[in-house]
Amino acid sequence: MGCFKKLYGKTTIDSSDSDELNKEYKMELEYYQLENSTSKHQYGIEIIKKEKIKNQLNIEKKMINNICNKEQETTKLLELLMINKVTPISVDDILQDLSKAKAIW
């Protein structure tokens, strides 16, 4: 089999999310569901952050494999991450907190 990547959804962070951001600032976040059919916990996630600073596109990614063994659990997780606009840099801490609270799986 193999590994598959499917876009779950997109969101943005801009000045409407925080008074501290200037009106021109915009960060795009993309959330992906990963599937590896050869693994026990075959589902994972990837978050991609894109932001333009001084006409330069900066891209940051975080891929986490083998999180869940059910697609529904991954879908719930991705929805939660997207609603809360979780970025690649903070996703590890969020997943650790969710795991301790047994909030997802």
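Side-chain atoms are counted along with the backbone in the values below, which use heavy atoms only and exclude waters and symmetry mates.
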> Can you list everything that forms a side-chain hydrogen bond (donor to acceptor under 3.5 Å, both in side chains) with Ser90? Sequence neighbours excluded, please.
Thr87
> State, with a plain yes or no, whether a side-chain heavy atom of Leu77 is found less than 4.5 Å away from one of Ile67.
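Side chain of Leu77 against side chain of Ile67, heavy atoms only: contact under 4.5 Å found.
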> Could you pull out all residues at least two apart from Lys61 that satisfy salt bridge (charged side-chain N to carboxylate O under 4.0 Å, His left out)?
none
> Is it the case that over 12 heavy atoms from other parts of the model lie below 6.0 angstrom from the CD1 atom of Ile89?
no
> Answer whether the closest heavy-atom distance between the side chains of Leu29 and Val86 falls below 4.5 Å.
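No - every pair of side-chain heavy atoms lies 4.5 Å or more apart.
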> Sequence neighbours excluded, which residues qualify as salt bridge (charged side-chain N to carboxylate O under 4.0 Å, His left out) partners of Asp17?
Lys85
> For a 4.5 angstrom cut-off between non-hydrogen side-chain atoms, does Leu21 reach Glu24?
no
> Same cluster for Ile83 and Leu7 if Ile/Leu/Val/Met/Phe/Trp/Tyr side chains link at under 4.5 Å?
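Not linked; separate clusters.
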> Rounded to the nearest 0.5 Å, how far does CD of Gln42 lie from OG1 of Thr74?
8.5 Å
> Given side chain to side chain contact (heavy atoms under 4.5 Å, CB included), test Ile45 with Leu95 step by step and report yes or no.
CA-CA 11 Å; Ile45 62 165; Leu95 291 177; 4.3 Å; yes
> Flag the pair Thr12 / Met27 as yes when at least one side-chain heavy-atom distance between them is below 4.5 Å, and no otherwise.
no
> Donor-acceptor pair, distance only, cut-off 3.5 Å: does the side chain of Tyr32 make one with the backbone of Ile48?
no
> Return the set of residues passing salt bridge (charged side-chain N to carboxylate O under 4.0 Å, His left out) with Lys52 (not counting sequence neighbours), or none when no residue passes.
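By the salt bridge (charged side-chain N to carboxylate O under 4.0 Å, His left out) rule, Lys52 matches no residue at all.
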> Identify, with sequence neighbours excluded, every residue that meets side-chain hydrogen bond (donor to acceptor under 3.5 Å, both in side chains) alongside Glu51.
Tyr25, Lys49
> List the residues meeting side chain to side chain contact (heavy atoms under 4.5 Å, CB included) with Lys23, not counting sequence neighbours, and say none if there are none.
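Partners of Lys23 under the side chain to side chain contact (heavy atoms under 4.5 Å, CB included) test: Ser15.
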> Would you say Lys50 and Leu57 make side-chain contact, with heavy atoms under 4.5 Å?
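A side-chain contact under 4.5 Å exists here.
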> To the nearest 0.5 angstrom, please state how far the CD atom of Gln33 sits from the CD atom of Glu35.
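It is 7.0 Å, given to the nearest 0.5 Å.
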> Could you tell me the separation between the CG atom of Asp93 and the CD atom of Gln96, rounded to the nearest 0.5 Å?
6.5 Å
> Does any part of the side chain of Thr11, heavy atoms only, come nearer than 4.5 Å to the side chain of Tyr31, both counted from C-beta?
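Contact flag for Tyr31/Thr11 side chains = yes.
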> Decide whether Leu98 and Tyr43 are clustered together by the hydrophobic rule: side chain heavy atoms of Ile, Leu, Val, Met, Phe, Trp, Tyr closer than 4.5 Å, transitively.
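No, Leu98 and Tyr43 fall in different hydrophobic clusters.
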> Should Glu71 and Glu73 count as side-chain neighbours, where that means a heavy-atom distance under 4.5 Å?
no
> Does some side-chain heavy atom of Met63 sit less than 4.5 Å from a side-chain heavy atom of Leu34?
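Contact flag for Leu34/Met63 side chains = yes.
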> Indicate yes or no for a side-chain donor-acceptor contact from Asp14 to the backbone of Ser16 under 3.5 Å, with no hydrogens or angles considered.
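Answer holds: yes.
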> Got more than 12 heavy atoms from elsewhere within 6.0 Å of NZ, Lys70?
no
> Glu79 and Tyr8: side-chain donor and acceptor closer than 3.5 Å?
yes
> Hey, is Lys5 close enough to Glu46 for a salt bridge, meaning N to O under 4.0 Å?
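Salt bridge between Lys5 and Glu46, a charged N being under 4.0 Å from a carboxylate O: yes.
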